[in-house]
Amino acid sequence: MSLNTDLADIFATIADIMDLRGENPFKGITYRKISRILRDSPLDIRQAVENGTIGDIEGIGEHSRSIIEEYVRTGRSTEYETLCRSVPAGVLALLEVEGLGPKTVARFWKERNITSADQLLTAIDDGSLLDMKGIGQKKLAAIRQGLLARAKTAGRRGIGEVLPVAQELLRRLRRVEPVRSAEVAGSLRRMKETIGDVDLLACVAEETEAPVVTRAFVEFPGVERVLGQGDTKASIVVGSGLQIDLRVLPERHFGAALMYFTGSKDHNVRVRGLAQKKGMTLNEWGLYDAAEYARATKKTGAAPPIEPLASRTEHEIFARLGLPFIEPELREDRGEVEAAVEGRLPRIVARADLRGDLHTHTTASDGQNTIEEMAEAARAAGYEYLAITDHSKSQTIANGLDARRLAKHAEAIRKLNDRLRGITLLAGAEVDILSDGRLDYEDAVLAELDIVVASPHFALKQEQRKATDRLLRAIENPYVNIIGHPTGRLIGGREGLPLDMPAIFRAAAASGTALEINSSYPRLDLDEVNSRAAAEAGVLLAINTDAHSAGELEAISFGLAVARRAWVTPARVINCMPLAGLRAFLKKKK
DNA sequence: GCCGTTTTCGGCCCGACTGTTTTCAGTCG
Ligand SMILES: Nc1nc2c(ncn2[C@H]2C[C@H](O)[C@@H](COP(=O)(O)OP(=O)(O)OP(=O)(O)O)O2)c(=O)[nH]1
Ligand SMILES: [Mg+2]
Ligand SMILES: [Mg+2]
Ligand SMILES: [Zn+2]
């Protein structure tokens, strides 16, 4: 784990302890936000502490700065340790239980000396908690359910796993009689690499039809538990343990509802704060004049009884706030609202900007389709060019090519290219970066290719120095154009190489080597944090699928999402260049 | 705890659902 994530965990725990102690709730909010900022930040915290620039980060004040500084210097935080000693670990763990919050947990602890899930279960079963004020049969039954179902978030899942499930649910939802439209919202619409739960928005013509939808939703096949069900929203858990939240609103509130439910939470808070400053108030029903809204009496689950300033589309709401449309992938409270206000939102890369895929495999190594089939799929995808980059000889399991086979393969690619229309093929290879940074082909072999992707595939547990030197050596090779999946990390799996990223970025930018955003799930490597840092450091990126079949070319949407979430513009992406420009880039290095 | 065309104290987003509440607190989105 990195320093940033260590610190993020510390601040998240401090936030929980603040809540448990009944401190001003804004303390918990503040610490939780700092936790998120640190987790999201590519910033070298150690460097920032040395430079004394930690306090410059918006949201980190005097107090948190001192905690960070002590931790960076000594590897410990006395304040954090003192706070931890004041709360038994079992009490903190109880916060993970569905339906249990800091108020209730603190009361169980203080009033009944309950400090673990086991003790709580025993106390529920012997009926001894029923005499607590505000605690009744139903509440205890719900907590019991939560305890048995274990953790609140049964862990986050990779987007690649969740997306098909969400789409199937969406199809079902659209078949429910009064549903006019249904969309994915939440982290899935923002294309976050991991998903806590699925959020779906359904629209109906009239308010009165909404309860029909929530009733149908909780009856969907595969529903394991119903966490809650009201007239306008419902939450279920399906067999796999995945939670699905549904929100239902009348169509004329679609834009406001989608904006609300897309989030992120912190983005919403930021936009709503801006609305406030402009004398307006924003919720899932619409954007309203604040004074008029205050005079009106709003009933739960019903539209406010006044005309909204905007509500039908997200565009209208942003516009009424004086903002350009903010792409869902940017809505993470990473400076996008401020940038929108100042008119300096980036024009992030879009699918239509991509002119080719520069990392694909064929039956020559471990792919499932021939060169021609891959070429045809690329042409159908609207691409101008496609690089065929099969594995090198060390990848014996993947039927990697030796120099002789590679030469024949390249010849076949070029021959086919001569007769194909509407797509240009580049003869390349994905050459292994061996554990010491040497490549799996001689330079003379690489020199014969149009494009070279160099990737680490094994020995992915090296220490930072060794791993960084390994990649630097590959970057310095005059024939290497792209470093493929630079870290080797897998979502929900191995961490990958612990690279000194700033050093990698400097070398990549200086040598004219692109770094890949590998789209294949569960790689997504570089990830969004490093992609953003790379682009800011002047590195060029390549968004590739690493497709092992024609169908996998479609997975480009995942890599594209990483790039978009990283604020990457087309100018930073080599496969947004027209073929001539790309060829010039490839040639320049040699 | 953090922050400042509201400036160094006072405000911090806003609403739905649940349970035990006779007027709202807690939890969650
Ligand atoms: N205004 C506002 N909106 C919220 C709040 N909490 C959640 N939302 C909105 C924005 C979220 O993206 C959306 C869905 O909530 P989730 O808890 O499912 O979060 P999200 O999907 O963003 O992340 P996840 O991957 O599920 O953890 O609901 C809140 O406190 N205030
Ligand atoms: Mg969600
Ligand atoms: Mg949710
Ligand atoms: Zn590959």
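A note on names: the letters A, B, ... follow the listed sequences, proteins ahead of strands, and every chain is numbered from 1.
Comparing B:dA16, B:dG29, B:dG1 by their closest approach to the side chain of A:H63 singles out B:dG1. Listed nucleotides: B:dC12, B:dC17, B:dT27. Nearest to the side chain of A:N24: B:dC12. Nearest nucleotide to the side chain of A:Y293, out of B:dC2, B:dG15, B:dC13: B:dG15. Distances were taken from every side-chain heavy atom of A:S64 (C-beta onward) to each of B:dG15, B:dC3, B:dC2; the shortest belongs to B:dC2. Side-chain proximity of A:R247 to B:dT6, B:dA16, B:dG1: nearest is B:dA16. Of all nucleotides listed (B:dC14, B:dG1, B:dA16), B:dG1 comes nearest to the side chain of A:Y31.
Ring planes of A:Y293 and A:Y288: tilted class, angle from 30 to 60°.
Across all strands, A:L282 comes closer than 4.0 Å only to sugar-phosphate atoms, never to a base (heavy-atom distances). Looking at heavy-atom distances under 4.0 Å, A:P102 makes contact with sugar-phosphate atoms alone, never a base.
The side chain of A:W285 places an N or O atom within less than 4.0 Å of a non-bridging phosphate oxygen (OP1 or OP2) of B:dA16. Listed pair A:T104 / B:dG26 fails the phosphate criterion, with no side-chain N or O lying under 4.0 Å from OP1 or OP2. Side-chain nitrogen and oxygen atoms of A:N268 include none within less than 4.0 Å of the OP1 or OP2 phosphate oxygen of B:dC13. Applying the 4.0 Å criterion to OP1 and OP2 of B:dC17, one finds that A:T232 has a side-chain N or O inside that range. Within the structure, every side-chain polar atom (N or O) of A:K27 is placed at least 4.0 Å from both OP1 and OP2 of B:dC12. Of the side-chain N and O atoms in A:T281, none sit less than 4.0 angstrom from OP1 or OP2 of B:dC13. The side chain of A:Q276 places no N or O atom within less than 4.0 Å of a non-bridging phosphate oxygen (OP1 or OP2) of B:dC13. Contact annotation: A:Q243 side-chain N/O to B:dG29 OP1/OP2 distance is under 4.0 Å.
Contact annotation: side chain of A:Y260 to base of B:dG15, donor-acceptor pair absent below 3.5 Å.
The same atom, P, is picked in B:dC14 and in B:dT6; the two are 16 Å apart, to the nearest Å. Taking atom C1' on both B:dC3 and B:dT8, the two are 9 Å apart, rounded to the nearest angstrom.
Qualifying salt bridge (charged side-chain N to carboxylate O under 4.0 Å, His left out) partners for A:E307, counting only residues two or more places apart in sequence or in other chains: none.
The side-chain tip of A:R331 points at the ring of A:F325 from less than 6.0 angstrom away and within 45° of straight on.
For the residue pair A:E70 and A:T78, a side-chain donor N or O sits within less than 3.5 Å of a side-chain acceptor on the partner.
Residues A:F261 and A:K277 each lie close to DNA chain B; by heavy-atom proximity, the contact nearer the 5' end of the strand is made by A:K277. Mapping A:A302 and A:D197 onto DNA chain B by nearest heavy atom places A:A302 closer to the 5' end of the strand.
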Between protein and nucleotides 18-20 of chain B, what N or O pairs are separated by less than 3.5 Å?
{"residue": "B:dT18", "atom": "OP1", "partner": "A:Q229", "partner atom": "N", "Å": "2.9"}
{"residue": "B:dT18", "atom": "OP1", "partner": "A:Q229", "partner atom": "O", "Å": "3.0"}
{"residue": "B:dT18", "atom": "OP2", "partner": "A:Q229", "partner atom": "O", "Å": "3.3"}
{"residue": "B:dT20", "atom": "OP1", "partner": "A:G136", "partner atom": "N", "Å": "2.6"}
{"residue": "B:dT20", "atom": "OP1", "partner": "A:G136", "partner atom": "O", "Å": "3.4"}

